[in-house]
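Following: one structure in structure tokens, then a few remarks.
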Amino acid sequence: MTNAQIAEALEELAVLYQLDGADQYRVLAYTNSARTIKNEGRSVEEMARNGTITELPGVGKTLEEKILALVETGEIPAAAKLKEKIPVGLLEISRIPGLGPKTVRRLHDELDVNGPEDLRAAAEAKKVRELKGLGPKVEEKILTGLDRLDAEPEGPARLRLDEIRPTAEELVEALRAEPSCEKAEIAGSVRRWTETCKDIDLIATSTDPKALAAGIAGHELVAEHGKPSDKGVKLTTHSGIGVDVRIVAPEAFGNLLQHFSGSGAHNAELRERAVAKGLHVSENGIKDDKTGETEMFATEQEVYERLGYQYIVPELRENRGELDAAAEDELPELIERSQIKGDLHCHTTLSDGVASLEEMAAAAEALGYEYLAITDHSESHGFGNHVEPDRLWQRIEEINEFNNEDHGIRLLSGSEVNIHPNGTVDYDDDLLEALDWVIASIHTAFSDEAEKNTSRMITAIENPLVDCIGHPTGRLINQRDPYPLDIERVVAAAAANDTLIEINSNPRRRDLNEVHARLAAEAGVGIVINTDAHRPETLDFIDYGIATARRAWLTADQVKNTGPWWKG
DNA sequence: GCCGTTTTCGGCCCGACTGTTTTCAGTCG
């Protein structure tokens with residue numbers, strides 16, 4: 001059972017307890033542990049089985065028992081029991097915005113609502129407004145919420161970062177261009193470079209807040225907006241992205257930026273720890289119990305310093321140990337884009353790229369790279385994009401010729417070879433040996449069984465002619481789940497065989513993900529950050545790979561392509 | 001349900017907003 005599945009079961013149990021009227025802190029304990037487990041790189045199932053799971057923060061004796069039952073029987077007894085008592089329809093309607101557990105419970109108890117159909121009937125018959133504390137506005141919210149539930153049964157989609165980031169950048173630039181704007185920054189998950197984002201948060205200071213809010217509300221990207229005030233404005237773009245613009249006094253800019261950059265988990269932990277020191281943190285400032293004063297800070301650096309921490313960059317703010325490290329002055333010096341010396345995965349027109357070898361080389365040279373590996377697909381790739389051995393031998397010659405000419409970049413002859421279901425790869429050994437660089441990837445015939453995929457990949461890792469594994473889990477964000485794989489065994493094999501593992505920077509992939517990349521690096525596996533570019537412009541995807549690496553706590557010395565080309 | 005530089009019991013992060021109320025509970029980020 002994957003960590004994600006365990007986390008999902010705990011989240012469901014939290015909602016069930018909530019609807020059952022359990023103490024909020026008990027509910028919180030389940031939600032928190034679900035988040036911890038989702039962020040854990042090691043197999044939580046394994047930790048449950050060998051009795052080490054209580055090492056995880058927030059997981060105690062009771063959760064240990066429940067998780068053990070879950071991995072052994074497929075369900076948590078307490079959850080099964082609650083499901084008998086609580087109609088599943090209530091879980092569904094609790095997803096309607098504005099309807100929390102308390103309200104859902106009252107609708108059930110007082111109006112006999114058991115699911116979306118009952119709720120619609122009650123709202124249409126204007127019964128909801130008869131309940132104390134509820135009124136016509138709530139009824140209206142319920143009906144629009146039910147419509148949305150019908151339209152999007154899976155809930156509102158989170159957008160991939162690359163689908164939302166350009167809009168955030170355009171809007172923050174527009175804010176900065178407003179005459180009354182003093183400072184404007186992107187906050188929220190876009191600033192933390194998460195894989196997906198729900199909306200855009202923008203933070204600003206202004207000499208005339210209301211004018212600034214009104215100004216941005218008139219931007220051409222904006223389809224609808226709320227009422228601009230001196231605190232900001234809420235926008236919706238034509239593409240349906242929600243944007244929250246908040247304006248604050250310059251002296252509290254650091255507090256607000258810190259607050260709205262999140263993550264929620266990081267901030268909750270930060271505040272909890274501050275309370276122990278008699279300090280209360282909010283977007284408005286830091287209140288000191290001793291003096292009763294609220295201190296405001298213009299920069300985030302000062303906020304963290306006041307609380308006793310090193311500055312923590314946004315990418316690390318996920319409550320994955322960054323507060324402990326920052327308290328001890330032990331945060332890693334994270335890798336930066338400027339340290340990348342070359343890209344080791346790209347395609348040309350030889351397979352499915354759209355640019356020539358020369359065009360790709362020129363683009364890489366323009367980025368200041370020392371080397372670029374040309375890694376077109378291999379013999380068995382198909383789709384008309386396969387490369388016959390003879391053609392690849394010829395390509396090696398072309399690359400040699402290129403390197404003999406006067407260019408500011410060195411090309412490496414490579415290939416992205418397919419890993420066959422039995423773990424062997426394309427091309428004979430003499431051809432693989434003639435290449436500078438071999439990436440092996442799985443493109444076909446994923447199995448539903450982790451064991452098959454894992455041993456297939458490990459066979460490739462053990463092949464001495466394979467330098468690196470490409471996009472190791474095959475996932476496409478929001479589109480295709482990773483194929484089942486025992487990452488810990490893959491990582492152990494890679495470490496034992498000195499085989500490198502790629503962070504594929506394509507924002508649709510970001511594979512390895514940040515959790516697995518951290519696990520791999522900690523196990524001593526060398527990482528390379530590549531773009532898998534199929535056109536010159538997408539060599540710029542390296543930013544997303546760098547972001548994943550930073551979110552995985554990686555330093556330059558853990559990433560092989562921060563150094564000069566190392567194979568002679 | 002978890003956990004301990006006040007604690008093995010009694011706490012547990014903060015404020016804005018909304019809709020409903022005349023002072024607040026619930027929800028959300």
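Quick caveat, the model's predicted, so the values are computed rather than measured. Below, read A as the first sequence line, B as the second, and so on, with proteins coming before strands; counting in each chain starts at 1.
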Taking only the side-chain heavy atoms of A:Lys102 (C-beta and beyond), determine which of B:dT20, B:dG26, B:dC2 contains the nearest atom. B:dG26

Result for 5'-nearest mapping on DNA chain B, choosing between A:Lys231 and A:Gly58, is A:Gly58

How far, in whole Å, is B:dG1 from B:dT5 if one measures between their C1' atoms? 23 Å

What is the distance from atom CD1 of A:Ile286 to atom CG of A:Leu307, rounded to the nearest 0.5 Å? 4.0 Å

With a non-hydrogen cut-off below 4.0 angstrom, is A:Tyr30 in contact with a base, only sugar-phosphate, or nothing? sugar-phosphate

How long is the line joining CG of A:Leu257 and P of B:dG29, in whole Å? 20 Å

Taken to the nearest whole Å, CG/A:Asp201 to P/B:dC28 is 17 Å

Looking across every strand, which nucleic acid part, if any, lies under 4.0 Å from A:Val27 by heavy atom: base, sugar-phosphate, or nothing? nothing

Between B:dT6 and B:dG11, how far is it from one P atom to the other, in whole Å? 16 Å

Contact class for A:Lys287 (heavy atom, under 4.0 Å): base, sugar-phosphate, or nothing? nothing

Short side-chain N/O contact from A:Thr62 to OP1 or OP2 of B:dC2, under 4.0 Å: yes

From the set B:dT27, B:dC2, B:dC13, return the single nucleotide nearest to any side-chain atom of A:Val275. B:dC13

Proximity to the side chain of A:Glu272 - top-ranked nucleotide from B:dT27, B:dT20, B:dC12: B:dC12

From CZ of A:Arg35 across to P of B:dC2 the rounded distance in Å is 15 Å

Rounded to the nearest 0.5 angstrom, the CG-NZ distance for A:Leu13 and A:Lys66 is 6.5 Å

With rounding to whole Å, what would you report as the distance between B:dG10 and B:dG15 at their P atoms? 26 Å

Check the distance between B:dG26's C1' and A:Ile142's CD1 and give it to me in whole angstrom. 13 Å

Whole-Å distance, A:Gln24 CD to B:dC2 P, equals 16 Å

With nearest nucleotides of DNA chain B determined for A:Thr54 and A:Arg271 from heavy-atom distances, which residue corresponds to the more 5′ nucleotide? A:Thr54

Given B:dT20, B:dG26, B:dC14, the nucleotide with the shortest approach to the side chain of A:Thr103: B:dG26

Could you tell me how the ring of A:Tyr30 sits relative to the ring of A:Tyr17: parallel (under 30°), tilted (30 to 60°) or perpendicular (over 60°)? tilted

Assess, by modelled atom type and distance only, whether the side chains of A:Arg510 and A:Asn513 contain a donor and an acceptor separated by less than 3.5 Å. no

If I pick the P atom on B:dC9 and the same atom on B:dC14, what distance separates them, to the nearest angstrom? 25 Å

Under 3.5 Å, is there a donor on one side chain and an acceptor on the other for A:Tyr304 and A:Gln258? yes

Rounded to the nearest Å, what distance is computed from the CG atom of residue A:Asp23 to the P atom of nucleotide B:dC2? 13 Å

If we take the P atom in both B:dA16 and B:dT21, what is their distance in whole Å? 24 Å

Among B:dC17, B:dT18, B:dG1, the one nearest A:Tyr17 by side-chain distance: B:dG1

Quantified in whole Å, what is the P atom distance between nucleotide B:dC17 and nucleotide B:dC12? 25 Å

One thing to verify: whether A:Glu514 and A:Arg320 come together as a salt bridge, which I'm taking to mean a side-chain N less than 4.0 angstrom from a carboxylate O. yes

Rounded to the nearest 0.5 angstrom, the CD-CG distance for A:Glu295 and A:Leu279 is 7.5 Å

Just checking A:Lys132: base, sugar-phosphate only, or nothing, at a heavy-atom cut-off of under 4.0 Å? nothing

Kindly compute the distance separating NE2 (A:His238) from OG1 (A:Thr167), expressed to the nearest 0.5 Å. 11.5 Å

How should the glycosidic conformation of B:dT7 be described, syn or anti, under the criterion that syn lies within 90° of 0? syn

Between B:dC17 and A:Lys234, is there an OP1 or OP2 to side-chain N/O distance shorter than 4.0 Å? no

Here the distance between atom C1' of B:dC2 and atom CG of A:Asn32, to the nearest Å, is 10 Å

Now, which nucleotide makes the Watson-Crick or G-U wobble pair with B:dT8, with each of the two distances under 3.5 Å? none

Are A:Lys198 and B:dG29 close enough that a side-chain N or O sits under 4.0 Å from OP1 or OP2? yes

Measuring only the C1' atom in each nucleotide, how far is B:dA25 from B:dT20? A whole number of Å is fine. 9 Å

Scan A:Leu270 against the nucleic acid and name what it touches under 4.0 Å (heavy atoms): base, sugar-phosphate only, or nothing. nothing

Whole-Å C1' distance, B:dC2 and B:dC13: 16 Å

To the nearest Å, how far apart are A:Asp199 CG and B:dC28 P? 14 Å

Does B:dA16 have its OP1 or OP2 closer than 4.0 Å to a side-chain nitrogen or oxygen of A:Asn284? yes

If you check the A:Ser282 side chain, which of B:dC13, B:dG15, B:dT18 turns out closest? B:dG15

Give a yes/no on whether any side-chain N or O of A:Tyr25 is located under 4.0 angstrom from OP1 or OP2 of B:dG1. no

